[in-house]
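Some notes on the structure that comes next.
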Amino acid sequence: MFLFTARFSLTASETETFSDGLSVERKRVKPILMASNSDMGSADFESLSSTSDVELLKRAWRNEKAAPEILPYEGDLVERAKGQIELVEGNIEDYVENGMDPLVVSLYQMDLDRTQFLLRSYLRVRLLKIEKFMFHTLKSEEAESRLSEQEKVFATKCVADLAKHFEESVLIKLRESYRSVLKQSLISEEDDMVPEPHLDTFVVSRSNSHVTLNLYEEGESHQIVEMYRGDVYFIRYKVAKGAIESGKVDLI
Amino acid sequence: MYGRKGYQLVKDFASGEKGQLKPFNSKLFDETIEECEQNHSLMQSLMIKMQQEGLDVSNNRNADYYGTLVHHLSLIRNKRCLMAYVHNRAEIVRDLAWTVGLLLPQLPPEIQEKLTTLEKDYFKNHSSALKSYMGKAGIDLNVDMVPPKDPYIKVRVVGDIEQGIMMGDKATNFARHSMHFLKRTDAEPYIARGQMEELTG
């Protein structure tokens with residue numbers, strides 16, 4: 001993972017650029033720090049290095065890539081990342097004008113490219129998930145509430161386009177009672193033609209703090225797993241879902 | 001056997017290479033539709049027969065009832081197959097927008113040949129949805145498809161690229177077989193369209 005870990009802090013000006021996001025994030029992380037009393041020294045360092053927006057974006061991106069369903073949209077983070085990208089772009093232009101060493105400029109440029117890739121890939125992965133489960137995304141309130149405004153507009157248009165495509169190529173040729181996009185026929189009581197994400201799939205996860213998870217759903221047999229900080233588990237997505245959303249567990 | 005046509009249609013799709021389109025199998029597709037129509041008319045005639053005999057269609061469990069049921073099940077099975085065929089092709093069409101480009105003329109002719117008119121329309125509609133998202137989000141998502149290792153890459157021109165494209169503030173000359181050292185973001189669209197290839201190692 002060297003690719004995204006390089007963070008060049010060559011001059012003071014860059015630290016300034018990112019200090020804004022940093023100070024916001026420091027506050028957010030504190031409660032977790034207090035909760036895990038042990039080993040304050042190294043935890044402090046780790047939490048500091050893992051609270052820059054780039055790190056947060058990387059985490060959001062990894063979770064989004066590994067999760068089978070769409071996760072809540074990190075709107076604030078995306079906005080901050082966009083702002084910082086613009087700032088760095090401006091800085092780089094200034095460096096070029098001021099005749100800074102081209103090597104140093106290209107290091108900044110590379111760092112910028114990596115951050116931009118993260119941001120683009122994050123948004124792209126989300127759009128691909130929306131495309132894949134578009135009917136489900138708009139049908140389920142939970143999924144819909146996780147989209148940004150623009151993503152909602154996109155999903156609505158997606159559904160309209162694909163439904164139109166289905167109607168024109170298949171459904172128009174069938175009889176009246178078999179023409180629904182979402183139902184097999186008029187007698188189906190539920191929408192039984194909607195592809196949904198498989199929440200039972202397995203994911204690789206690593207915990208950030210001590211978490212207790214029940215491996216089975218209610219009604220099934222009862223078995224509890226305790227994950228300690230740093231433990232890596234191969235686990236059913238459904239089981240870890242809550243912990244992932246609250247940030248206690250990361251997907252890798 | 002009822003339902004076999006739909007099955008063959010899905011098999012036809014599945015036998016193709018993953019992520020690649022075959023020409024739309026309109027013969028099999030129409031035959032499947034035709035079978036749906038047959039199922040429907042047979043189903044109707046059985047129901048009419050039951051009504052003429054004074055039987056309640058939904059409560060009677062005689063041979064004719066199960067006859068209609070078989071036709072109904074065959075019909076929805078075929079419908080699912082038809083939809084799955086169109087759906088899976090539509091998925092590939094959407095992927096084209098991501099991997100090749102958002103404009104129909106950008107697609108290589110050998111791909112365009114395999115699309116039906118409706119699929120071309122779908123491609124256009126979907127691309128415009130993507131474009132409006134990117135416009136509103138203020139970010140172009142169609143570049144940077146692979147993690148950048150280096151901001152500059154070496155490329156060789158393998159297709160015909162018109163003269164006089166501006167990159168930065170310089171005019172370029174992308175003659176065929178010439179090699180260039182370009183910004184990754186500048187080169188990516190050409191690579192996606194198969195007009196350039198990246199030189200590695």
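Naming convention: chains lettered A, B, ... in sequence-line order (proteins, then strands); numbering from 1 in each chain. Every value quoted in this text rests on a predicted model; they were computed, and no experiment measured them.
When the shell of 6.0 Å around CD of A/Glu141 is examined, it contains 12 or fewer heavy atoms from other residues, nucleotides or ligands. Within a 6.0 Å sphere centred on NZ of A/Lys132, heavy atoms belonging to other residues, nucleotides or ligands number 12 at most. Atom CD of B/Glu110 is surrounded by more than 12 heavy atoms from other residues, nucleotides or ligands within 6.0 Å. For A/Arg206, the CZ atom is loosely surrounded, since the number of other residues' heavy atoms within 6.0 Å does not exceed 12. Shown here is B/Lys120, whose NZ atom has more than 12 heavy atoms of other residues, nucleotides or ligands within 6.0 Å. Annotation: B/Phe24, atom CZ; neighbour count of heavy atoms from other residues, nucleotides and ligands within 6.0 Å is above 12.
Closest of all the heavy-atom pairs between B/Asn125 and A/Lys157 is O-NZ, 3.1 Å. Nearest approach of A/Glu131 to B/Arg94, heavy atoms of both residues: O-NH2, 3.3 Å. Across every non-hydrogen atom of A/Ser185 and B/His72, the tightest pair is OG-CE1, 3.4 Å.
For the atom pair A/Leu174 CG and B/Asn78 CG, the distance stands at 9.0 Å (nearest 0.5 Å). Separating the NZ atom in B/Lys124 from the CG atom in A/Asp161 is a distance of 12.5 Å, to the nearest 0.5 Å. From B/Met83, atom CE reaches atom CE of A/Met193 across 4.0 Å, with rounding to the nearest 0.5 Å.
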>> Between B/Lys79 and A/Leu171, is the side chain to side chain contact (heavy atoms under 4.5 Å, CB included) condition met? List the steps.
In response: CA-CA 8 Å; B/Lys79 175 185 170 181; A/Leu171 300 171; 3.8 Å; yes
>> Go through it in stages, so that I can follow the logic: the residues are A/Arg175 and B/Glu37, the test is salt bridge (charged side-chain N to carboxylate O under 4.0 Å, His left out), and I'd like the CA-CA distance, side-chain angles, deciding distance and then a yes or no.
In response: CA-CA 8 Å; A/Arg175 289 304 180 115; B/Glu37 189 58 30; 2.5 Å; yes
> Are A/Leu123 and B/Tyr133 close enough, and set up right, to give a side chain to side chain contact (heavy atoms under 4.5 Å, CB included), and what steps lead you there?
Replying inline: CA-CA 11 Å; A/Leu123 296 174; B/Tyr133 172 86; 3.8 Å; yes
>> The test is side chain to side chain contact (heavy atoms under 4.5 Å, CB included); show your working for A/Phe166 and B/His87 and say whether it passes.
In response: CA-CA 8 Å; A/Phe166 274 146; B/His87 189 262; 3.5 Å; yes
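Looking only at distances, no side-chain donor or acceptor of A/Arg120 sits under 3.5 Å from a matching main-chain atom of B/Leu141. Remark: the backbone N or O of B/Cys36 is not paired with any side-chain donor or acceptor of A/Lys173 at under 3.5 angstrom.
Only the side chain of B/Phe29 comes within contact range of chain A, with heavy atoms under 4.5 Å apart. B/Leu130 touches chain A through backbone and side chain together, each having a heavy atom under 4.5 Å away. Heavy-atom distances place both the backbone and the side chain of A/Gln150 under 4.5 Å from chain B. For chain A, the nearby parts of B/Leu118 are the backbone and the side chain; heavy atoms of each come within less than 4.5 Å. Using a 4.5 Å cut-off between heavy atoms, A/Lys183 contacts chain B through its backbone alone, with no side-chain atom that close. At a 4.5 Å heavy-atom cutoff, the contact between A/Ser169 and chain B is made by backbone and side-chain atoms alike.
Note on A/Glu151, A/Lys164, A/Gln116: by heavy-atom pairs under 4.5 Å with chain B, the leading option is A/Glu151. Options B/Asp121, B/Asp140, B/Asp30, B/Thr116 differ in how many heavy-atom pairs under 4.5 Å they form with chain A, and the most are formed by B/Asp140. When the candidates A/Asp113, A/Val153, A/Leu162 are compared by the number of heavy-atom contacts under 4.5 Å with chain B, A/Leu162 comes out ahead.
At least one side-chain heavy atom of A/Arg124 sits under 4.5 Å from a side-chain heavy atom of B/Trp98.
Between B/His40 and A/Tyr178, the ring planes lie perpendicular to each other; the angle is over 60°, past the 30° to 60° tilted range.
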